[in-house]
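Take a look at the structure below.
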Amino acid sequence: KAVQDWNNTGVQSILPTWRWWIENRGDLAVAVNWDDAYMLGSSYKITGTLSAGDHLMRLYKTMIPVTGGGTLRVVYKANGGSIEPVVATQSSVTEGQGTLSNPVVATKNGWTVADYDLSSLNGETIYMIALNLKAGAVVSGYEALLGQIALYPASYSPEAVTVDNLKVTNSLGMTEGNIRVTWDYTYNNDFEHFDVYMTDSEGTKLVGQTRGEGFYIPEVKKSGNETS
């Protein structure tokens, strides 16, 4: 998660179309969670009592053609039940729905990363993306975090941008200070944003994201005998 007291709305992701439409909702509540995030920023936190059965949570109204396959990625944490992606291939919020299955699952920093192959939908158009919060029995004190939903085309391999003239435009004091970094880059159609990392005596960490040609890192403290 981010620990700075500000955020960059220029890299805000696309917000869900429906906030929040959950079938068989009961007392389930959804809120923005600033305490845990998959890639900085925030996540969505779902809490309450998850009753037995299906709870379809519609998120995005879309019109995305599937050609040559692709991948739907769902990144989440949950203390019970299961989370299954549901897509609709008809322009309706109730018809043409199907549940994706057999994901390739990995874990990253405590998050479940589930990748679903879309090749079975070749030639179709995805009109809705939803999640089914599913439980075989009641889950009291249910808590789930939604960190990311992403669609990737088949054989996704974005072209790297070229970065030049990377500069730190100020200096740290004896023990701490702020850092301003600037650079130039050549834009291409695959560019989305930069991840900015900082390496110190404790290792390398992600400190922010930007779509621009500069980044400000506040309150950097030197550790031990670091000289820069």
Side-chain angles (χ1 to χ4, degrees), residues 8 10-18 37-44 56-78 82-93 95-132 134 144-164 166 183-197 204-213 215:
N8 187 348
V11 292
Q12 178 174 279
S13 298
I14 300 172
L15 298 178
T17 309
W18 296 290
Y38 176 60
M39 287 289 286
L40 294 179
S42 60
S43 60
Y44 287 125
L56 187 65
M57 181 178 181
R58 291 175 175 83
L59 293 171
Y60 291 100
K61 180 66 174 174
T62 64
M63 193 167 64
I64 303 171
V66 180
T67 57
T71 300
L72 175 66
R73 173 171 292 177
V74 181
V75 181
Y76 65 92
K77 294 180 179 181
S82 61
I83 295 179
E84 302 172 343
V86 175
V87 298
T89 55
Q90 295 182 28
S91 185
S92 168
V93 295
E95 304 296 329
Q97 297 176 8
T99 301
L100 302 180
S101 59
N102 301 317
V104 175
V105 179
T107 57
K108 183 176 180 180
N109 298 327
W111 292 85
T112 297
V113 181
D115 288 342
Y116 294 83
D117 183 12
L118 298 177
S119 58
S120 63
L121 300 177
N122 277 342
E124 303 278 5
T125 297
I126 296 176
Y127 289 99
M128 183 192 74
I129 300 174
L131 296 177
N132 184 19
K134 189 172 184 178
L145 300 179
L146 177 58
Q148 184 188 71
I149 293 180
L151 274 170
Y152 298 103
S155 303
Y156 180 62
S157 181
E159 179 186 352
V161 298
T162 300
V163 175
D164 298 304
L166 180 64
W183 59 85
D184 300 322
Y185 74 98
T186 303
Y187 178 84
N188 64 50
N189 290 332
D190 289 332
F191 174 74
E192 209 284 329
H193 68 266
F194 290 108
D195 291 331
V196 182
Y197 291 85
T204 299
K205 60 183 178 182
L206 179 65
V207 294
Q209 298 170 322
T210 182
R211 291 191 172 106
E213 296 176 305
F215 193 79

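With sequence neighbours left out, the ring pair (Phe, Tyr, Trp, His ring centres under 6.0 Å) criterion links Y185 to F191, F194.
Residue F215 comes nearest to V207 through the heavy atom pair CZ-O, 3.8 Å, listed as atom of the first residue, atom of the second, then distance. Contact between V196 and W183 at its shortest, heavy atoms only, is CG2-CH2, 4.4 Å. The shortest heavy-atom contact between L146 and S43 is O-CB, 3.3 Å. Among all heavy-atom pairs drawn from I83 and Y116, the shortest one is O-OH, 4.0 Å. Annotation for P16 and Y44: closest pair CD-OH, 3.3 Å, computed over non-hydrogen atoms. Taking both residues in full, the closest heavy atoms of D190 and E159 are given as OD2-N, 2.9 Å, listed atom of the first, atom of the second, then distance.
Using a 4.5 Å heavy-atom threshold, the side chains of V75 and V113 count as touching. No side-chain heavy atom of E84 sits less than 4.5 Å from a side-chain heavy atom of L100. Side chains of Y127 and I129 form no contact here, defined as non-hydrogen atoms less than 4.5 Å apart. Under the 4.5 Å side-chain criterion, counting only non-hydrogen atoms from C-beta, I149 is in contact with L131. Residues Y156 and L151 form no side-chain contact, since every pair of their non-hydrogen atoms from C-beta on lies 4.5 Å or further apart.
Separation of atoms CD (E124) and CD (Q90) is listed at 9.0 Å; rounding is to 0.5 Å. Atom CG in L56 sits 11.5 Å away from atom NZ in K134 (nearest 0.5 Å). In this structure, N109 CG and Y38 OH are separated by 8.0 Å, a value rounded to the nearest 0.5 Å. Here E192 contributes atom CD and Q209 contributes atom CD; the two are 8.0 Å apart, rounded to the nearest 0.5 Å. How far CG of N132 is from CE of M57: 11.5 Å, rounded to the nearest 0.5 Å. Interatomic distance, N188 CG to T162 OG1, rounded to the nearest 0.5 Å: 8.5 Å.
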Pair W18-M128, side chain to side chain contact (heavy atoms under 4.5 Å, CB included): steps then yes or no: CA-CA 11 Å; W18 296 290; M128 183 192 74; 3.9 Å; yes
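The stretch residues 96-107 participates, sequence neighbours left out, in no side-chain hydrogen bond (donor to acceptor under 3.5 Å, both in side chains) pair at all.
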Side-chain donor-acceptor pairs under 3.5 Å in residues 59-74, sequence neighbours left out?
unit_1 : atom_1 : unit_2 : atom_2 : d
Y60    : OH     : I14    : O      : 2.7
T62    : OG1    : I126   : O      : 2.6
R73    : NE     : D115   : OD1    : 2.7
R73    : NH2    : D115   : OD2    : 3.0

